[in-house]
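Each chain gets a letter, A, B and so on, in the order the sequences are listed, and its residues count up from 1.
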2 protein chains.
Amino acid sequence: MDEPANNLVRYANYVVESESDQPSLASRLRLAVVRLNRRLRAQRASSSVSLTQISAMFCLRKCGPLSPSELAAKERVQPPSMTRVIAALEEAGFVSRRQHPTDGRQAIVELTERGTAYIEAEICAREAWLDLRLAELDPAERELLSRAAEIIDRMAGQ
Amino acid sequence: MDEPANNLVRYANYVVESESDQPSLASRLRLAVVRLNRRLRAQRASSSVSLTQISAMFCLRKCGPLSPSELAAKERVQPPSMTRVIAALEEAGFVSRRQHPTDGRQAIVELTERGTAYIEAEICAREAWLDLRLAELDPAERELLSRAAEIIDRMAGQ
DNA sequence: TATTGTTATACTCTATAACTATA
DNA sequence: TATAGTTATAGAGTATAACAATA
């Protein structure tokens, strides 16, 4: 798994392969992600739930109840950031908090029925803009993005 | 170009195709982009230039000198947001501002020599994290991400 | 002493509304 | 009156540092 030399070789190959008058793959992927993220955040106006909050709720739905620290680690943010996300979700009634049965320091955060329903239903409407953009692509492009989403998420989770 | 009915059909097909126990492509792509964006922003600590500023400089390098409004439109942000980006870049000496020859209201923003050098050189170092992640992929995955970056940027630019 | 979580504080990115200067 | 740009202000998202409670 840990083969820096090999990675460097492959990296060199990849650089050499790229056309010299075009930005690197890293540059292009970064700019694409920055711009799509900006557009997605701009769609939040119609909803009271932010992208960050939705991302955390997705994580809870996928993983089940988690402590704030676990949730912060999975979302790759610092604990104080997650404190704020959880507080907002709790106030909205989308997650509940209870004490850990044996460790008084820990809390356990889980989706409420309302939070689950929100994630499973309202998100579709919320994603209308992206859904439309995706619908304008041809099936091969969507298939490509589907695999790209998997790779990107894997990279971001490292 | 404008075929909503066709898009709806294709959208329906795409929904039917997806596995019912898996989040939609829109959800997965959105979460992947949010998480990678977060990781990329976290890499900014070592540099004084933000992702947003770099994105604007890339645009200037690609398009040549632009007015603040044109730059804001291309980056899909509001003019006041671009005002701040330009001010920061100007203070850092990466862009310069001059008056439009005939229209006194307009300004023209362009990369300085220093800004051009920055974009063409220092970005590579700045993207070390993403470069490493990309180097760990196999060539087919990088090729896939290269095409995905193109599609994503096109979607975000609409 | 180490871990979990929160509070305090600050910075970036973005937006809208209101203003100034020019056309 | 319309356009280009800036200033004022606000809110989201994130971080680090310092603190409290528990193990």
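When each of C/dT7, C/dG5, C/dA15 is scored by its nearest atom to the side-chain atoms of A/Pro80, the top-ranked nucleotide is C/dT7. Which of D/dT14, D/dG5, C/dT4 sits closest to the side chain of B/Thr83 comes down to D/dG5.
With A/Asp103 as the fixed residue, the side-chain hydrogen bond (donor to acceptor under 3.5 Å, both in side chains) test singles out one of A/Arg105, A/His100, A/Gln99: A/Arg105.
OP1 or OP2 of C/dT14 lies within a sub-4.0 Å distance of a side-chain N or O belonging to B/Thr52. Look at B/Ser50 and you'll find a side-chain N or O under 4.0 angstrom from OP1 or OP2 of C/dC13. For D/dT3, the OP1/OP2 oxygens have no side-chain nitrogen or oxygen of B/Ser69 closer than 4.0 Å. Between A/Arg38 and D/dG13 there is no side-chain polar atom (N or O) within less than 4.0 angstrom of OP1 or OP2. Side-chain N/O atoms of A/Arg84 include none lying less than 4.0 angstrom from OP1 or OP2 on D/dA12.
Residue-level contact check: A/Ala87 touches neither bases nor backbone, having no heavy atom under 4.0 Å from any strand. Residue A/Ser81 is in base contact, counting any heavy-atom pair closer than 4.0 Å across all strands shown. No contact: B/Ser55 has no heavy atom under 4.0 Å from any strand.
Residue B/Asp103 contributes atom CG, which lies 11 Å from atom C1' of D/dG5 at whole-angstrom precision. Look at CZ on B/Arg39: it is 10 Å from P on D/dA15, rounded to the nearest Å. Look at CD on B/Gln106: it is 18 Å from P on C/dA21, rounded to the nearest Å. Between the CG atom of A/Asn37 and the P atom of D/dG13 there is a distance of 10 Å, given to the nearest Å. The distance from atom CD of A/Gln78 to atom P of D/dA17 is 10 Å, rounded to the nearest whole Å. Here the C1' atom of nucleotide C/dA15 and the CZ atom of B/Arg76 are 16 Å apart, to the nearest Å. Atom CG of A/Leu40 and atom C1' of C/dC13 are 15 Å apart (whole Å). The nearest whole Å value for the distance from the CD1 atom in A/Ile86 to the C1' atom in D/dG13 is 15 Å.
Annotation: of the two residues near DNA chain D, A/Pro79 and A/Gln99, the 5′-most nearest-nucleotide partner is A/Pro79. Projected onto DNA chain C by closest heavy-atom contact, B/Val85 and B/Gly104 fall at different nucleotides, the more 5' of which corresponds to B/Val85. The 5' end of DNA chain D is approached more closely, in terms of each residue's nearest nucleotide, by A/Val77 than by the other of A/Val77 and A/Arg105.
Counted within 6.0 Å of CD on B/Glu90, heavy atoms from surrounding residues, nucleotides or ligands total more than 12; the atom is thus considered enclosed.
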Between A/Arg76 and B/Arg39, is a side chain to side chain contact (heavy atoms under 4.5 Å, CB included) present by the stated rule, with each step listed? CA-CA 8 Å; A/Arg76 302 268 166 183; B/Arg39 292 301 291 269; 3.2 Å; yes
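For the atom pair CG (B/Leu36) and CG (B/Leu31), the distance works out to 12.5 Å, reported to the nearest 0.5 Å. Note that the CZ atom of A/Phe94 and the CG atom of A/Leu111 stand 10.0 Å from one another [nearest 0.5 Å].
Judged by distance alone with a 3.5 Å cut-off, no donor-acceptor contact links the side chain of B/Arg41 to the base of D/dT14.
What you find for A/Ala56 and A/Leu89 is that their closest heavy atoms are CB-CD1, 4.4 Å.
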